[in-house]
Amino acid sequence: LKAFLPDWAGQYALGGCSCLSARWRAAQRRPQSAAAMSSHIWQLLEDEVEDYAEGQDLLDYMSEGDGEDFDSLEPPVILDESFPSSIVICNLPKVPPTKYEKLMGVLTKVIKDFGPIDKIMPKNRETDLTEGCAIVTFKDKASADSAAEQLDGFVLDKSHTFKVMRMDQFDDIANRPDEFVPQRTLTSYSRADFRDWLADRRCREQILLRYQAETEIYWHDMMVGQPVLCYGGEREKAQKKVWCDWRVEWSPWGSFIATFHQQGIALWAGPEFTKKVRLPHPNTKEILFSPNEEFVLLWNGADPGSNDDKAVRIFHVLTGQCVRSCRTPYLPPKDAQIAPGAGEWPLFAWSPDAKFIAECTDSRVLVRDTDNFELVPDEQGKRNGLKFDNLKSFQWSPKDNVIAVWTTEKDNNPARLVLVEIPTRKELASRSRTQCEAEVHWHSQGDYLCLQVTKLSKTKKRLATNLEIFRIRERSIPVDIVTIEDVVKGFFWETKGNRFAVLTMDEQGHKPRLLIFRCGAEKTEAIAGFDLPSNSFNSVVWAPEGQYFIVASVASASGASSSGDLLFACLTQSNNLEILHKDEHYMLNTIQWDHSSRYVITAVTQPIQSDMGGYKYSMEAGYAIWTLQGRNLLRQQKEKLYGVSWRPHPPSMLSDAKQNEIRKNIKQYSKKYDAMDDQAKEAARQAFRRERESKLNAFLEILDRLKDWKAERMEENNWAEAMEAFDEAQGWTQEEQIIEEQLGVTEELIAG
């Protein structure tokens, strides 16, 4: 039968996994009688062989009877297709026949220590060169496993490093899809324990450090006096895994730590910082979480002209699914008139509630709904962008779905500020200006917007600056105008307040001043001013709860160094300016308040890329922790410090009324924690005393042993007689003298 039937029928006769045998097994699973099954198989055979030239003659040799009952037939022979004792060595040199034996000899020397072997090196029939791989069979599976583990990564020469796999893995590896798809064991994960760290009894904050090859999370413990390690990747180190290959960042609410790897991003969370999800996107350069941590955007740094349709990928954080991919936009929201592809980040902007994500071109703002990532439709239902000629920049309000768009002046069209509500596209307010430069500054709560307008002369010389304050919450959005004659170096809103700070200097770059303004019920007015001691101050960093702030000299992103001068200050409720402390942190380029406004980190960090720009920061790399009044708690040098940051807090679950009540009665609530602090301080003092007494007792015990040893040998060596003779020879006498001195006199009148 094998001689006449096609190959597939021969495989069936041998018990192989052929098409016919598969059909036969399928027929066996059907609830049919033996006669019906026999008829079915006969029909299959007839259909398959009738197309062959001698098929009719072949059918003459076959029986037309029902044959034996299927239940009495022997099951087909299942062949063992595994190769447990064989491995495949890849990335070998491709050599001609003249060097074949030499290469086989070198390969034998490399693998001979693993026992007897049988090796085959396939050749390419077209090129007559070897295929660059070898199949090696060992005596047993243990030898093959040992060879695969130890030879993988073996360096044969500078151009050839072994990649070893087991033969049984070959089919799986060869059939892998071109695009990597991470294996998921869970469709989602629990977030029940993501906020457990906030329940710390001592209300400690957490600090993330990225330095050298380490990524560590610490508790900031005032009682200990230095950070206490919470987690430093010990679990991954024990498994010989890398916790973080490159950068590391917190998510906006502090729920996740995002670690950068060559394959993409990994998100870690929970009390033990376990891996929750992997987001595949090779060579990710930047990430951007949505404000509510529902989505995360990954960018691989591709140039806009590279035609990479997956340069930007947006993932759903809970499921790890990619919901949108696109090319790199040409222009960033912060400055849509820079050179295309200049590398500015971010290239997208999330709305405050994460329901929309926006990007821009030189004339349109493209807003997409995050439900389906389609463009928001206009009044006619057409999905297109918001058109603005000469678009310069746009910003979302921090609290509302409102976009502030600034367009520049061109030809006869003036520069404009437009406030647009999304998704209705309703224009809330607009202002036109000519011959000016402008910057837009949103208040942290979205209550105000400042349009900083600097007037220009016909020769482009900068004149006075107007601060136009838009009162967003009031009807018709009225505008207050504050004119500043000096050059404005920076504008800074108070967080959660109604005040702002302005840094100024004269036209020659001298006479630096700090000005404080308040947005009152009827108008915006100046409330304080201060002459700064140095012209190096260029930044004001407000505490998250307002009132306290730091005026600092911070190194700019452009590479300009700083003197590191620091002024700790506060504004009282009566709007009085108080300078609390002056200090410095040389060459600092990072300032960050913790969420509770109790502590501040100042740091000198260096870029993680190996460029010359980071060398100047390497000698001063380190960080310092300060109280809000400016008292230094810790100063620590860290070689190759790439990043340091406080852990962000999620939004409070308390109502505004409850939070205001707590602030009003803060002294009553703080008694509990003051008592806990006192107990901790007393426990620390007692522990210090015990440790000191233990060391002192150990030292005294050593002295007593030395004294006993000396006494035992005093008579033996005649040390006592020698000392007496020495004292007599010196002629010393012992005298006692009492000196009394009056230190002071106090007279008190005691009434009868």
Side-chain angles (χ1 to χ4, degrees), residues 176-198 206 208 210 214-217 230-301 310-326 345-348 350 353-355 357 368 370-373 643 645 647-651:
R176 286 177 180 172
D178 294 337
E179 183 176 353
F180 171 70
V181 179
Q183 182 180 2
R184 292 190 53 80
T185 57
L186 296 174
T187 57
S188 62
Y189 46 85
S190 172
R191 293 177 287 181
D193 57 356
F194 280 17
R195 299 192 179 191
D196 286 358
W197 73 279
L198 294 170
Q206 286 188 351
L208 172 63
R210 178 76 172 111
E214 302 294 333
T215 302
E216 298 172 342
I217 296 97
C230 175
Y231 185 70
E234 292 79 12
R235 179 178 56 252
E236 286 68 36
K237 292 177 182 177
Q239 299 174 0
K240 297 183 179 180
K241 296 181 179 179
V242 178
W243 188 22
C244 180
D245 285 333
W246 193 40
R247 288 168 46 199
V248 59
E249 291 184 14
W250 290 111
S251 62
W253 290 354
S255 302
F256 299 95
I257 286 182
T259 56
F260 287 63
H261 304 268
Q262 185 177 1
Q263 300 86 353
I265 298 295
L267 300 183
W268 312 73
E272 302 298 329
F273 294 98
T274 54
K275 185 187 295 183
K276 298 300 181 182
V277 65
R278 292 182 297 170
L279 308 176
H281 194 39
N283 302 317
T284 298
K285 297 297 187 297
E286 300 286 351
I287 65 173
L288 184 65
F289 279 92
S290 62
N292 61 357
E293 297 182 346
E294 182 179 359
F295 301 99
V296 60
L297 182 149
L298 279 60
W299 179 51
N300 63 8
K310 296 183 179 180
V312 177
R313 304 188 73 184
I314 301 177
F315 290 87
H316 192 272
V317 172
L318 187 60
T319 62
Q321 295 180 344
C322 180
V323 294
R324 184 173 187 260
S325 299
C326 65
W345 182 259
L347 297 170
F348 297 82
W350 294 98
D353 58 1
K355 291 183 178 180
I357 184 171
R368 299 181 185 273
T370 55
D371 289 336
N372 50 24
F373 288 93
S645 60
R647 185 170 187 174
H649 285 220

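Residue numbers start at 1 and run along the sequence shown.
For the pair Gly320 and Val277, the tightest heavy-atom approach, listed with the atom from each and the gap, is CA-CG2, 3.6 Å. Nearest heavy-atom pair, Arg195 versus Pro651, reported as atom, atom and distance to 0.1 Å: NH1-O, 3.7 Å. Of all heavy-atom pairs between Glu293 and Ser255, the closest is OE1-OG, 2.9 Å.
Asn300 places none of its side-chain heavy atoms less than 4.5 Å from the side chain of Val312. Taking 4.5 Å as the limit, every side-chain heavy atom of Thr370 sits out of range of all side-chain heavy atoms of Ser290. Contact check for Val317 versus Leu279: no side-chain heavy atoms found under the 4.5 Å cut-off. Within the 4.5 Å cutoff, the side chain of Leu297 has no heavy atoms near those of the Leu347 side chain. By the 4.5 Å heavy-atom criterion applied to side chains, Pro282 and Gln262 are not counted as neighbours. With a 4.5 Å cut-off on side-chain heavy atoms, Asn292 and Asp353 do not count as touching. Side-chain contact between Arg313 and Ser325: present, with at least one pair of heavy atoms (C-beta onward) separated by less than 4.5 Å. A 4.5 Å side-chain heavy-atom check between Trp197 and Cys230 finds every atom pair outside the cut-off.
For Asp371, the side-chain contact (heavy atoms from CB on, under 4.5 Å) partners are Asp369, not counting sequence neighbours. Residues forming a side-chain hydrogen bond (donor to acceptor under 3.5 Å, both in side chains) with Gln206 (at least two apart in sequence, or on another chain): Arg647. With sequence neighbours left out, the ring-ring contact (aromatic ring centres under 6.0 Å, His included) criterion links Phe289 to no other residue. Pro648 is linked by a side-chain contact (heavy atoms from CB on, under 4.5 Å) to Trp250, counting only residues two or more places apart in sequence or in another chain. Taking the side-chain contact (heavy atoms from CB on, under 4.5 Å) definition, one finds that Pro346 meets it with Leu288, Lys334, sequence neighbours left out. Judged as a side-chain hydrogen bond (donor to acceptor under 3.5 Å, both in side chains), and not counting sequence neighbours, the contacts of Asp245 are His261. Residues satisfying the salt bridge (charged side-chain N to carboxylate O under 4.0 Å, His left out) criterion with Glu216, sequence neighbours excluded, are absent altogether. Shown here are the ring-ring contact (aromatic ring centres under 6.0 Å, His included) partners of Phe315, two or more places apart in sequence or in another chain: there are none. Residues passing the ring-ring contact (aromatic ring centres under 6.0 Å, His included) test with Phe348: none are found, sequence neighbours excluded. By the side-chain contact (heavy atoms from CB on, under 4.5 Å) test, Glu234 is found to be paired with Leu229, Tyr231, residues two or more places apart in sequence or in another chain being considered. Not a single ring-ring contact (aromatic ring centres under 6.0 Å, His included) links Trp253 to another residue, sequence neighbours left out.
Annotation: salt bridge (charged side-chain N to carboxylate O under 4.0 Å, His left out) contacts involving residues 249-264, sequence neighbours excluded, comprise Arg247-Glu249.
Using modelled atom types, no side-chain atom of Thr259 and backbone atom of Cys244 make a donor-acceptor pair closer than 3.5 Å. Looking only at distances, no side-chain donor or acceptor of Arg235 sits under 3.5 Å from a matching main-chain atom of Gln239. Looking at Thr284, its side chain never comes within 3.5 Å of a backbone N or O of Glu286 through a donor-acceptor pair.
More than 12 heavy-atom neighbours from other residues, nucleotides or ligands sit within 6.0 angstrom of NZ on Lys285. At most 12 heavy atoms of other shown residues, nucleotides or ligands fall within 6.0 angstrom of atom CZ in Arg191.
Between the side chains of Thr274 and Trp268, not a single donor N or O lies within less than 3.5 Å of an accepting N or O.
Annotation: the span from Phe260 atom CZ to Ile265 atom CD1 amounts to 4.0 Å, rounded to 0.5 Å. Here the CG atom belonging to Leu298 is positioned 14.0 Å from the NZ atom belonging to Lys310, to the nearest 0.5 angstrom. Atoms CD1 and CH2, from Ile314 and Trp299 in turn, are 14.5 Å apart once rounded to the nearest 0.5 Å.
Ion pairing of Glu294 with Lys355 is absent here, as no side-chain N (NZ or NE/NH1/NH2) approaches a carboxylate O to less than 4.0 Å.
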Intermediate values then yes/no, side-chain contact (heavy atoms from CB on, under 4.5 Å), Val296 and Phe256: CA-CA 11 Å; Val296 60; Phe256 299 95; over 6 Å; no
